Amino acid sequence: MKTLTLFISLIITLQGWSQTNISGIVVDNKKKPVPGASVTIKDSYDGATADSLGRFKFKAFDKGNQLLVITAIGFKTVEIPVELKGGDLELPVQLKEEVTEMSAVVITAGSFEASDRKRAAAVLTSIDIVTTASANGDVTGALKTLPGAQQVGESEGLFVRGGTAAETKTFIDGTLVNNFFFSSVPGIAQRGRFSPFIFKGTVFSTGGYSALYGQALSSALILESIDLPEQSSASLNVSVIGVGAGFQQLNKQKSASWGINYGYTNLTAAFAVIKQQQEYSKAPTAHNIDANFRIKTSKNGMLKYYGFYLTNSLGFRQNSLDSLGYKDRFALTNGNMYHNLSWKENLKNKWKLNAGVSVSTNKDDIAFGMQDAAKNDVLLNGLEYKQFDVNNKGFYANARLVLEKRFKGLNTLRVGTEYNHSDDKNNFTAYNGMLFKSRLIENIYSLFAEQDVYLTNKLAAKLGARAEHSAYLNKTNLAPRASLAYKLGKESQASLAYGIFYQNPELRYQPAVNPLTFMKATHYIAQYQKTTSATTFRVEAFYKQYDNLIKTQNINGREIGSSNNGFGEASGFELFWRDKKNVKNLDYWISYSFLDTKRDFLNFPTAITPNFAAKHTASLVMKKFVTKLKTNFNLSYNYASGRPYYNIQYDANTNKTFFADQGRIPDYHNVSFALNYLPSIGKTNSKTFAVYVLSVSNVFNLKQVYGYNYSGNGMRKTELVPPSRMFIFIGAFISFGVDRSEDAINNNL
């Protein structure tokens with residue numbers, strides 16, 4: 001018995017000598033405990049889990065050199081070499097954060113994003129756009145309710161943070177879009193040519209945008225087209241302004257699709273009921289046809305095509321300020337074609353390819369003139385210059401290649417090149433039949449690189465640069481860009497952005513008197529943002545400095561470029577709040593912008609606030625879905641403080657310009673209302689989904705003044721107002737084969 005007891009004691013003692021007692025504490029890079037961390041000996045069953053204070057303790061029976069493996073969610077795995085020779089072994093362990101897409105900070109300074117690729121700053125989707133009452137189904141109309149954009153009603157385009165509409169450029173699937181809007185009409189803002197439903201992602205950058213894009217002093221609107229549809233479907237729409245129909249076919253393997261749509265617009269009936277300021281000889285009419293195909297080239301690869309052809313025409317006359325009793329006439333016929341082909345593919349060694357090419361043409365035939373009361377063309381002594389025709393033809397091509405490589409974590413490198421080609425021909429026929437021809441061909445070659453650097457989940461930077469060479473200007477520029485973001489909490493972050501942006505002078509001011517160079521803007525942005533699944537709060541301050549802006553001079557009645565001696569600056573701050581949660585069934589957002597800007601460019605006698613810039617702008621958008629009524633109610637209120645107006649005249653004796661008249665227009669107010677009735681909601685296995693729409697702009701019939709038109713001698717002026725104070729739209733949109741009831745409810749349609 002004594003021998004057995006001695007033997008057992010000896011075994012226990014030997015086991016104690018052969019095992020190692022391992023203990024320690026697991027902390028992060030800020031010396032804070034990491035509870036739940038797993039600590040094990042590699043390829044063995046020995047290990048433990050750290051407690052709430054990060055402490056761990058276990059016994060290891062292996063001997064010799066081993067690897068201690070420590071893992072924890074959100075942290076990089078650590079392997080520590082250890083020598084196990086019995087006794088006690090105490091180890092302090094420090095883990096580094098693993099940068100993951102779900103927890104990492106996102107750089108958002110200057111940008112509002114709505115995309116399935118992003119998890120922050122999601123603001124406006126396609127549904128948001130078409131249900132914003134004041135947008136009238138137009139992409140840029142909805143974007144005007146966001147901070148940074150001006151409420152300019154007399155001209156199309158996005159006027160952002162003191163910049164002209166020409167300083168904002170639009171990109172679809174990475175390639176530049178020329179003639180995004182319908183051709184300009186005097187005093188009437190034109191819509192965009194593209195339906196919001198062809199886009200799945202929207203990035204509206206009000207400044208400090210990526211080095212992947214260029215040729216925009218102020219802003220970039222970056223749109224991404226949709227991929228494969230969920231299933232085959234057909235659509236039909238009928239409204240007071242036209243009809244349309246379409247079809248989308250998805251193959252059985254759900255790997256490819258194609259589609260085609262046709263639309264016809266005619267505003268004759270609408271204008272007969274809603275009287276216009278202009279006297280139309282031909283109400284606006286348009287035919288458009290578009291087609292698309294999408295093919296999955298691999299698990300993550302996609303080839304997409306979208307193209308359309310559109311033709312439209314109109315003609316009107318209005319009272320002439322230059323000769324009382326006569327009318328100025330205007331007529332336009334436009335043809336526009338657009339094609340876009342893009343390809344995304346995963347390559348070897350974690351490289352991704354993003355390539356695209358777009359081609360477009362645009363033709364405008366414009367006639368100006370004067371008519372007497374009998375509507376006969378006449379030539380008035382001294383006003384013959386008002387009788388002329390303009391014929392413009394443009395061909396545009398854009399090609400782009402981006403290579404992207406993902407490194408450890410979210411660190412990503414992007415390099416690429418871009419080519420822009422434009423060929424603009426202009427024929428001007430004067431009242432006496434003399435023909436003046438001009439042509440401008442431009443080729444811009446670009447190289448760019450950008451790096452996303454994630455130091456931790458809380459701290460990230462985006463560093464980039466873009467170089468461009470203009471063949472026409474024979475100039476080259478280099479534009480650095482940099483952004484920094486720091487995560488302040490689970491739902492909040494702060495961002496900074498800096499960048500230099502270049503842009504060619506507008507074609508209408510060329511050829512110039514003297515050689516020109518790139519216009520330049522330098523952006524500085526600071527932002528704070530807090531985002532949850534249902535709310536977004538954002539405040540942003542900015543400063544923008546302009547250099548080398550175009551100055552013009554009057555030669556034979558035409559304003560053409562003379563130098564790059566223009567300059568300016570813009571500063572301000574913006575607020576945005578969106579809430580989908582705190583008021584039952586109500587989705588609303590509020591935006592406010594303060595802008596202080598002055599610039600000396602074009603024919604300005606000195607540095608002044610341009611006539612398109614309001615000091616204060618604000619919007620309130622509300623959307624409420626009432627289930628019992630199967631109806632969504634939408635209300636928008638837009639405000640802008642009075643903008644300045646000027647009548648700048650040219651003095652031939654001094655060869656200088658001067659203010660013949662100036663002042664400030666009244667504040668702008670607009671309340672718009674819309675409702676959408678969805679009878680299919682609640683029906684089981686419905687194969688038809690219909691939306692009936694009623695919208696009314698400026699429901700209180702408030703007078704809105706955008707500025708003033710002046711006679712040639714500046715002696716008379718008249719208010720520049722909308723074509724009609726109020727406009728009413730009634731329409732039905734029906735889709736077959738797709739029940740979108742749940743989408744409608746979830747998106748608060």
Side-chain angles (χ1 to χ4, degrees), residues 108-113 139-140 143-152 155-171 176-178 180-181 189 192 202-223 444 466 468 477 479-481 483 497-509 518-527 540-550 564 566-574 591 593-602 604 607-615 617 640 643:
T108 58
S111 297
F112 283 92
E113 307 197 18
V139 174
T140 55
L143 294 177
K144 287 181 179 181
T145 67
L146 299 180
Q150 293 285 308
Q151 295 291 343
V152 177
S155 179
E156 64 277 357
L158 284 170
F159 296 76
V160 178
R161 291 182 174 176
T164 68
E167 294 172 18
T168 296
K169 294 297 175 67
T170 305
F171 303 84
L176 177 67
V177 182
N178 291 279
F180 182 82
F181 298 91
T202 304
V203 178
F204 176 40
S205 176
T206 53
Y209 59 87
S210 165
L212 274 61
Y213 305 94
Q215 284 295 305
L217 282 188
S218 294
S219 174
L221 175 57
I222 303 165
L223 305 170
I444 300 177
R466 182 182 182 90
E468 297 175 336
N477 65 58
R481 317 271 172 88
S483 300
Y498 160 82
I500 295 178
F501 304 85
Y502 292 96
Q503 184 173 340
N504 277 36
E506 290 184 60
L507 294 176
R508 57 178 168 170
Y509 303 122
F518 300 103
M519 301 180 292
K520 177 183 176 183
T522 307
H523 297 199
Y524 303 88
I525 302 171
Q527 179 207 94
E540 187 164 293
F542 67 91
Y543 174 76
K544 185 163 55 174
Q545 178 179 320
Y546 295 99
D547 296 292
N548 301 333
L549 296 180
I550 299 303
N564 283 100
F567 60 91
E569 63 179 10
S571 60
F573 67 90
E574 300 162 354
S591 68
S593 301
F594 171 80
L595 173 66
D596 183 16
T597 182
K598 287 186 178 182
R599 56 165 59 189
D600 182 1
F601 82 136
L602 302 183
F604 285 15
I608 55 176
T609 300
N611 60 359
F612 51 78
K615 188 175 288 290
T617 57
R643 294 184 276 134

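Just the heavy atoms: all of them, side chains too, but no hydrogens, waters or symmetry mates, feed the values below. Computed from a predicted model, the values in this text were never measured in an experiment.
Between the side chain of S593 and the backbone N or O of G148 there is at least one donor-acceptor pair closer than 3.5 Å. Side-chain atoms of R643 come within 3.5 Å of backbone atoms of N611 as a donor-acceptor pair (strictly under, hydrogens ignored). The backbone N or O of Q215 sits less than 3.5 Å from a side-chain atom of K169, completing a donor-acceptor pair. Checked by atom type and distance alone, the side chain of H523 pairs as donor or acceptor with a backbone atom of G208 at under 3.5 Å. At least one donor-acceptor pair under 3.5 Å links the side chain of Q503 to the backbone N or O of L217. The main-chain N or O of N548 is found under 3.5 Å from a side-chain atom of N564 such that the two form a donor-acceptor pair. A side-chain donor-acceptor contact under 3.5 Å links T609 to the backbone of T597. For S591 (side chain) and T145 (main-chain N/O), a donor-acceptor pair under 3.5 Å exists by modelled atom type. Judged by distance alone, the side chain of S219 and the main-chain N or O of S205 form a donor-acceptor pair under 3.5 Å. With Q150 contributing its side chain and R161 its backbone, the two residues share no donor-acceptor pair below 3.5 Å.
Smallest separation of non-hydrogen atoms from G214 and F171: O-CZ, 3.7 Å. Of all heavy-atom pairs spanning F594 and D596, the tightest one is CE2-CB, 4.2 Å. In plain terms, the two heavy atoms of Y543 and S571 that are nearest each other are CD1-CB, 3.9 Å. Residues G162 and L595 approach most closely at N-CD2, 3.7 Å, considering heavy atoms. Considering all non-hydrogen atoms of both residues, E167 and S218 come closest at OE1-OG, 2.8 Å. Between T617 and A149, the closest heavy-atom pair is OG1-O, 4.1 Å.
At least one side-chain heavy atom of Q151 sits less than 4.5 Å from a side-chain heavy atom of K144. For the pair D600/L549, no side-chain contact is recorded, criterion being any heavy-atom separation below 4.5 Å from C-beta on. Put simply, the side chain of L146 reaches to within 4.5 Å of the side chain of F204, judged on heavy atoms. Proximity of Y498 to I500: side-chain heavy atoms (C-beta onward) are separated by under 4.5 Å at one or more points. The closest side-chain heavy-atom distance from L221 to T202 is below 4.5 Å.
Every residue meeting the salt bridge (Lys or Arg N to Asp or Glu O under 4.0 Å) condition with R466, not counting sequence neighbours, appears here in chain and number order: E418, E468. Partners of Y509 according to the ring-ring contact (aromatic ring centres under 6.0 Å, His included) rule, which considers only residues two or more places apart in sequence or in another chain, do not exist here.
A tilted orientation is assigned to the rings of Y209 and F501, their planes being inclined by 30° to 60°. Between F601 and F612, the angle of the ring planes goes over 60°, which puts this pair in the perpendicular group of the 30/60° scheme.
Judged by the 6.0 Å distance and 45° axis criteria, R599 is not positioned over the aromatic ring of F567.
With ring centers used as reference points, F573 lies 6.0 Å or more from F542.
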